[in-house]
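Atoms considered below: every heavy atom in the structure, side chains included; atoms not considered: hydrogens, waters and symmetry mates.
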Amino acid sequence: MHLKRRGLPSCSGQILDLDKKLRAVIEKLQSLQQERNQVAAQMAQAKKSNQDAVPFVERGSLIKKEIPALEEEGKGIRDQISSLLAGLPNILSSDTPDGASEEDNVEILKKGACRDFSFTPREHFEIGEQLGLMDFQGASDLSGSRFVLLKGALAQLERALAQFMVDMHTSKMGYELVSTPLLVKDPAMYGTGQLPKFSEDAFQTTKGHWLIPTAEVPLTCLAANKIIDEKVLPLRYTAHTACFRSEAGSAGKDTRGMLRQHQFYKVELVSLVTAEQAENEFKHMVSAACSILDALQLPYRVMQLCSGDVGFSAKKTYDLEVWLPGQKAYREISSCSYCGPFQAQRMNGRYRSDNSKKPAFLHTLNGSGIAVGRALIAVIENYQQEDGSITVPDVLIPYMNGRKEVKMTGKSNKKMRILISNDDSLYAPGIKILEKLARKISNDVWVIAPATEQSATAHSLTIHRPLRPKKIDEKKWAVDGTPTDCVLMAVKEIMKDKKPDLVLSGINAGANLADDVTYSGTVAAAMEATLLGIPAIALSQAGSLGNPIKWETAEHHGLKIIQMLLDEGWPNEVLINVNFPDIPPESIKGYEVARQGARPDYKSLIKAEDPRGLPPYYWIGPVPDMVDIDDESDLATMNKKKISITPLHLDLTHDATYAKFVKKFN
């Protein structure tokens with residue numbers, strides 16, 4: 001009845017037949033051993049009486065050959081019986097519903113509304129590959145099929161998911177974090193039910209170790225061959241590990257994307273409990289897994305697996321299935337199982353209570369809390385935007401260093417839409433170089449810049465007269481306004497069908513360092529883009545009065561710097577200010593992230609007399625040399641002959657004074 005519920009053929013007849021054969025072998029072996037003893041005694045007596053002992057010697061010799069053969073036959077039968085018994089699955093719980101396959105699983109709970117998209121949602125691999133952050137071909141070149149390379153912000157998002165899960169389970173659900181080995185020996189795999197039945201599903205090293213298919217194996221086996229005091233139960237463990245599965249028998253299933261991989265990451269939950277604690281502990285484990293999906297605001301359902309779908313070691317199992325809009329289907333993201341004493345009996349894990357001298361077998365539970373790769377898939381598909389970007393779930397933003405969106409990188413995606421502007425005008429040499437660099441990143445480059453020079457206009461808008469944009473060619477416009485006007489005009493009007501994925505401002509003729517950034521139109525264009533939710537980089541080439549600008553330095557190093565920044569990403573409310581030193585490209589000594597510096601006595605006024613007798617007039621004088629006592633500043637970095645990279649924050653609030661005033665006045 002037990003195997004029939006699982007849809008498996010009965011093997012009791014086979015076991016009984018083998019047992020009968022074994023008994024016959026044992027009986028014959030015992031008979032021979034008894035005869036051997038008698039023959040030995042007869043042979044000794046014959047020799048003692050000077051009688052012919054040859055018949056006894058010959059018979060003893062035959063027996064000596066027959067016994068090892070029978071022992072070997074008995075061992076073979078025992079091995080067959082042991083293999084059959086080791087391959088018998090756990091006894092299903094009475095509340096596990098009968099059924100033949102996943103079609104007969106029962107829905108326990110459905111939670112969260114599926115998002116209504118205004119566009120056709122895509123699958124995770126389409127989005128990841130378009131972003132240039134998910135590389136299946138590169139992974140295949142390294143390792144073969146069913147592997148993936150994640151880069152930049154997607155790799156960061158995967159790590160953020162895992163850390164968030166671990167923090168939730170350890171701080172709110174009572175699990176203890178354990179860092180486990182990824183390689184285990186045969187007894188650990190046998191104890192949790194992976195061996196001998198599922199050996200083909202696992203990877204084994206030439207030294208005999210097994211790569212763990214899940215952290216369930218080492219976590220559960222922490223109790224192997226131990227007797228635990230009942231007072232410390234339940235024991236709850238969690239681990240974030242890589243998992244390895246050969247996916248034997250899954251040829252043709254989920255061949256596209258990350259759903260079924262040879263290597264993936266998972267946060268595992270394991271509980272060791274008494275029989276009396278098991279039911280409540282199972283509810284707690286399912287609740288812990290659900291809490292992750294609730295926090296991520298992902299739609300999901302909880303399914304109780306039917307008898308034909310429950311795993312080998314489990315008595316009953318609940319699967320959590322997350323909604324994937326790209327597939328238009330619910331897919332498993334967590335599986336929580338109650339195993340009873342099944343695993344503990346295989347690994348000899350017991351506990352002792354004060355009321356009993358005889359130890360009892362532990363009851364074990366395990367569950368995914370949750371599969372990190374599948375969680376990444378769910379976030380990508382459920383939080384995708386029409387432009388191909390991904391909104392970061394609120395709970396993950398602190399783990400993403402403030403990043404709220406995952407957008408395209410420049411290194412490998414030619415569909416990225418780039419807007420270029422500046423404050424030196426549409427016809428300046430620096431903007432032509434920047435356009436040339438941008439076209440190495442993308443095929444969709446737009447140039448919308450001031451019609452005339454607008455240096456030092458800062459972040460100013462033209463509101464005293466109308467703006468008149470002039471189309472130069474298909475993707476090039478001149479605007480009779482400030483750099484801020486240009487970006488606003490581009491995003492709100494000229495490119496309103498699809499806003500830019502990136503704004504590059506520059507390359508400015510002259511540095512924008514320290515106090516310069518507050519006056520710079522180049523920085524202002526990047527600032528306006530950032531306010532509009534678009535990643536932006538301002539680029540400037542330092543120069544000196546009376547000498548030609550060394551544009552070749554920015555041109556030589558600019559592409560690498562832009563690509564490097566795009567691959568790393570930065571928070572939405574931050575813009576990046578890049579400055580190239582006034583030296584030849586071969587003299588650059590690298591790059592350095594630097595703070596915004598400050599010059600003493602920054603501005604000077606030059607007074608001149610008007611020969612017509614009018615009041616004197618004034619010129620704002622040149623900026624002083626790049627001197628700064630702060631070695632971490634952008635000024636100091638440029639003095640080191642390094643490219644300066646400074647992240648600038650749009651929130652000008654001074655935190656210390658804010659806190660002081662709140663405490664004092666609020």
Side-chain angles (χ1 to χ4, degrees), residues 1-8 85-109 188-199 201-202 212-221 223-224 234-238 243 245 249 266-275 277-290 301-321 332-347 349 361-371:
M1 183 63 183
H2 158 55
L3 293 178
K4 186 178 180 181
R5 289 192 69 196
R6 288 183 176 267
L8 299 173
L85 292 175
L88 289 175
N90 200 350
I91 298 172
L92 295 169
S93 65
S94 59
D95 62 341
T96 292
D98 288 331
S101 68
E102 62 181 26
E103 301 299 324
D104 300 313
N105 294 340
V106 178
E107 184 179 293
I108 302 296
L109 169 72
M189 293 286 279
Y190 177 84
T192 49
Q194 313 298 325
L195 293 181
K197 190 173 179 64
F198 302 104
S199 59
D201 292 328
I212 61 169
T214 163
E216 170 200 343
V217 176
L219 289 178
T220 305
C221 289
L235 288 174
R236 295 170 178 160
Y237 299 124
T238 186
C243 305
R245 294 183 188 173
K266 187 151 68 85
V267 173
E268 186 72 8
L269 306 174
V270 162
S271 294
L272 307 174
V273 300
T274 67
Q277 295 169 333
E279 189 60 37
N280 285 334
E281 189 63 21
F282 184 66
K283 293 177 182 177
H284 178 83
M285 182 173 286
V286 173
S287 173
C290 288
R301 65 184 185 182
V302 180
M303 306 291 290
Q304 181 169 11
L305 302 195
C306 70
S307 58
D309 204 25
V310 171
F312 176 82
S313 298
K315 292 177 69 67
K316 72 174 178 180
T317 298
Y318 282 5
D319 273 5
L320 277 61
E321 297 179 347
E332 178 198 336
I333 195 169
S334 171
S335 189
C336 298
S337 296
Y338 167 47
C339 300
F342 181 79
Q343 293 178 319
Q345 289 167 344
R346 294 168 73 100
M347 66 180 184
F361 285 109
L362 290 158
H363 284 226
T364 64
L365 303 95
N366 63 77
S368 309
I370 52 182

Contacts of Tyr338 that satisfy ring pair (Phe, Tyr, Trp, His ring centres under 6.0 Å) - sequence neighbours left out: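 Counting only residues at least two positions away or on another chain, Tyr338 forms a ring pair (Phe, Tyr, Trp, His ring centres under 6.0 Å) with His363.
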Qualifying residues under ring pair (Phe, Tyr, Trp, His ring centres under 6.0 Å), relative to Phe198, sequence neighbours excluded: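 Partners of Phe198 under the ring pair (Phe, Tyr, Trp, His ring centres under 6.0 Å) test: Phe312.
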Does [X] use its side chain to pair, donor to acceptor, with the backbone of [Y] at less than 3.5 Å?
{"X": "Arg6", "Y": "Val310", "value": "yes"}
{"X": "Arg5", "Y": "Ile91", "value": "no"}
{"X": "Ser334", "Y": "Gly369", "value": "no"}
{"X": "Arg301", "Y": "Glu321", "value": "no"}

Verdict with reasoning, Glu279 to Lys316, per salt bridge (Lys or Arg N to Asp or Glu O under 4.0 Å): CA-CA 11 Å; Glu279 189 60 37; Lys316 72 174 178 180; 3.1 Å; yes
Considering non-hydrogen atoms only, spot the tightest contact between [X] and [Y] and give its length.
{"X": "Arg245", "Y": "Pro213", "result": "NE-O, 3.0 Å"}
{"X": "Ser101", "Y": "Asp309", "result": "C-CB, 4.4 Å"}
{"X": "Gly191", "Y": "Met347", "result": "CA-CB, 4.0 Å"}
{"X": "Lys197", "Y": "Gly87", "result": "CD-O, 4.1 Å"}
{"X": "Leu3", "Y": "Pro89", "result": "CD2-CD, 3.6 Å"}

Value rounded to 0.5 Å, distance of [atom1] in [X] from [atom2] in [Y]:
{"X": "Met303", "Y": "Leu320", "atom1": "CE", "atom2": "CG", "answer": "11.0 Å"}
{"X": "Asp104", "Y": "Asp98", "atom1": "CG", "atom2": "CG", "answer": "9.5 Å"}
{"X": "Cys243", "Y": "Lys266", "atom1": "SG", "atom2": "NZ", "answer": "5.0 Å"}
{"X": "His284", "Y": "Ser271", "atom1": "NE2", "atom2": "OG", "answer": "6.5 Å"}
{"X": "Glu268", "Y": "Ile370", "atom1": "CD", "atom2": "CD1", "answer": "12.0 Å"}
{"X": "Glu332", "Y": "Asn105", "atom1": "CD", "atom2": "CG", "answer": "10.0 Å"}

Residues Thr192, Glu216; criterion side-chain hydrogen bond (donor to acceptor under 3.5 Å, both in side chains); working and verdict: CA-CA 8 Å; Thr192 49; Glu216 170 200 343; 5.0 Å; no
Polar side chain donor-acceptor pair, Gln343 to Thr364, under 3.5 angstrom: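 Their side chains do contain a donor-acceptor pair, which is all the 3.5 Å distance test asks for.
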Contacts of type salt bridge (Lys or Arg N to Asp or Glu O under 4.0 Å), residue Glu102, not counting sequence neighbours: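 By the salt bridge (Lys or Arg N to Asp or Glu O under 4.0 Å) rule, Glu102 matches no residue at all.
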Candidate pair Ser337 and Asn366, rule side-chain hydrogen bond (donor to acceptor under 3.5 Å, both in side chains), full reasoning: CA-CA 5 Å; Ser337 296; Asn366 63 77; 4.6 Å; no
Result of checking Thr317, Thr214, Asp319 against Ser335 for side-chain hydrogen bond (donor to acceptor under 3.5 Å, both in side chains):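 Only one option passes, and that is Asp319.
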